[in-house]
Amino acid sequence: MLQIKDLHASVADREILKGINLSIGRGEVHAIMGPNGAGKSTLSGVLAGKSAYSVTSGSVTYNGKDLLEMSPEERSWAGVFLGFQYPTEIPGVTNAAFLKAAVAEHRKSKGLPDLSAAELMRLFREKMAVVEMDKSFLSRGVNVGFSGGEKKRNEIFQMAVLEPQLALLDETDSGLDVDALRIVGNGINSLRTADNSFVVITHYQRLLDYIVPDFIHVLYDGRIIKSAGKELALEIEEKGYDWIIKEAENK
Amino acid sequence: MAVCIKIAAGESLSRVFLQKGAAVERYDIVIEEGGKAEITFVTLPEGEICNDICVKFAGRNASCVLRGLYITRGSGRASYNITMNHDVPDCYSNQLFKGLLYDASRADFYGLVKVPAYCIGTEAYQANHNLLLSEDARVRTLPQLEIYADDVKCSHGATIGRLNEDELFYMQSRGISRETARRLQQMAFAAEILDTLPEDIQAQALEYIPN
Ligand SMILES: Nc1ncnc2c1ncn2[C@@H]1O[C@H](COP(=O)(O)OP(=O)(O)O)[C@@H](O)[C@H]1O
Ligand SMILES: [Mg+2]
């Protein structure tokens, strides 16, 4: 589904990604871990098309197409979804108006007619249930005045509405209390199918209890320095990253 | 053209002035004791529209709300010169002017709130916010408070901004095309005023926002 080859990217002339190689197959779950500042958010931002990052070399192929050639909205229509580490607040635009516009454009891109107001409301209701959100969410400004947990739940709600093929979840579990983590974890889990893939950026094992990864990659200083199975998360939680970094430096 | 508006003691008045084309306008507004004025200017210039607006309170407990929405395009120009005279104690004024500026258009906002020393109990607020939508658009804004009284509540503020790139990216990342995202942000900016307008004038203002 996704092939990243020798991807280099910089921000403000500073190289952040220094040659990422990663292949993600249909239905797979990949976790990306790594210390702060390693470049995890940069990688997810580059994949979603954030213009602040410039790709200096390398390629990203998504379902056979050059992902880097596509605008952020085209990537979304093609099924890429980024769950933001820090979801953006949009004062003056309600959640309902925001998602209505998003759904309309997704459908337009597939040549489907607009949903009626009733159909749209039914869709929202069904998906809000996934993250245990109440209806008042819809009439509030996008993420405005939301608690950290509410923002992350809103990300999962949006994901549920858009049903992406490839979800990139950037620290969706950070800063959540146990209840919010359960809601978010179950939400993500319920959206898993044999066809869609997840890249879960996280510092903790606890989210991976809900969505069990097939692979874990450690990103450090702009490179993936280790890839292993799901056991690695527990080991990292116990021993930190230092031993992995040393191991990589010794190579 | 000169417009004189007098609000008699205890009366209320709510008016919307839709301004199009080119014009030089003067508004003299006098509000007597306990009177309430709520006046909105919707300014959609083709050429230049100049407004001279003067408000006087002629009795206590009077209130004046002024709103403005200007949408300037091409070489259009909107200007407001507003004087809010709090010559009587215990009066309330609130001004909110918002502008969307496209192309090589420009806007000038001069707002003066005067509160002499004896006018305690005054509440006066003034805000002017501008959204620049092209490199060539220009705005000058100068909200001023001249306050000599203690025991008053006053504030003023002005901002000049552009569309927020983070917000645009967030919307695009959800499949909202950049164009629609830009429009949503402009609507969000103008909503505070747009939402108060009668439907027909709202529609005319919306028409003025380019696609
Ligand atoms: N917009 C930016 N401007 C300047 N530096 C940035 C910007 N975004 C990220 N960086 C830098 O890039 C590096 C990687 O950041 P990030 O991708 O956010 O790491 P992570 O998500 O792994 O914590 C950090 O050193 C950070 O300071
Ligand atoms: Mg990060």
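Side-chain atoms are counted along with the backbone in the values below, which use heavy atoms only and exclude waters and symmetry mates. Every chain is numbered from 1 and lettered A, B, ... according to where its sequence line falls, protein lines coming before strand lines.
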Asks: How long is the gap from CG on Asp166(B) to OH on Tyr86(A), to the nearest 0.5 Å?
Replies: 13.5 Å

Asks: Non-hydrogen atoms of chain B under 4.5 Å away: do they reach the side chain of Glu89(A), the backbone, both or neither?
Replies: backbone

Asks: Step through the shown structure and confirm whether more than 12 heavy atoms of other residues, nucleotides or ligands are within 6.0 Å of CG on Asp150(B).
Replies: no

Asks: Evaluate whether atom NZ of Lys151(A) has more than 12 neighbouring non-hydrogen atoms of other residues, nucleotides or ligands under 6.0 angstrom away.
Replies: yes

Asks: Select one option (side chain, backbone, both, neither) describing which atoms of Leu162(A) are under 4.5 Å from chain B's heavy atoms.
Replies: side chain

Asks: Can you tell me which of Ala191(B), Gly175(B), Ala190(B), Ala181(B) forms the most heavy-atom pairs within a distance under 4.5 Å of chain A?
Replies: Gly175(B)

Asks: Is it true that atom NZ of Lys110(A) has more than 12 heavy atoms of other residues, nucleotides or ligands lying nearer than 6.0 Å?
Replies: yes

Asks: Go through the atoms of Val161(A) and report whether side chain, backbone, both or neither lie under 4.5 Å from a heavy atom of chain B.
Replies: neither

Asks: Please report the shortest heavy-atom distance between Gly49(A) and Phe169(B), naming the atom on each side.
Replies: C-CE1, 3.6 Å

Asks: Within a radius of less than 6.0 Å around CG of Asp13(A), do more than 12 heavy atoms belonging to other residues, nucleotides or ligands occur?
Replies: no

Asks: If you take all heavy atoms of Leu184(B) and Val93(A), which pair is closest and at what distance?
Replies: O-CG2, 3.9 Å

Asks: Using a cut-off of under 4.5 Å for heavy-atom pairs, which of Thr88(A), Val142(A), Leu82(A) has the most such pairs with chain B?
Replies: Thr88(A)

Asks: Which region of Pro164(A), side chain (C-beta onward) or backbone (N, CA, C, O), has a non-hydrogen atom less than 4.5 Å from a non-hydrogen atom of chain B, or is it both or neither?
Replies: neither

Asks: Does CZ belonging to Arg26(B) count more than 12 external heavy atoms closer than 6.0 Å?
Replies: yes

Asks: Pick from Glu73(A), Glu74(A), Arg75(A): which one makes a side chain to side chain donor-acceptor pair (under 3.5 Å) with Gln172(B)?
Replies: Glu73(A)

Asks: Are more than 12 heavy atoms from other residues, nucleotides or ligands located less than 6.0 Å from atom NZ of Lys100(A)?
Replies: no

Asks: Calculate, to the nearest 0.5 Å, the distance between atoms CD1 and CZ belonging to Ile176(B) and Phe98(A) respectively.
Replies: 5.0 Å

Asks: Name the option with the most non-hydrogen atom pairs under 4.5 Å to chain A; the candidates are Glu165(B), Met171(B), Glu192(B).
Replies: Met171(B)

Asks: So, do Glu167(B) and Pro91(A) sit near enough that their side-chain heavy atoms are less than 4.5 Å apart?
Replies: yes

Asks: Measuring only between side-chain heavy atoms, which start at C-beta, is Arg174(B) closer than 4.5 Å to Val103(A)?
Replies: no

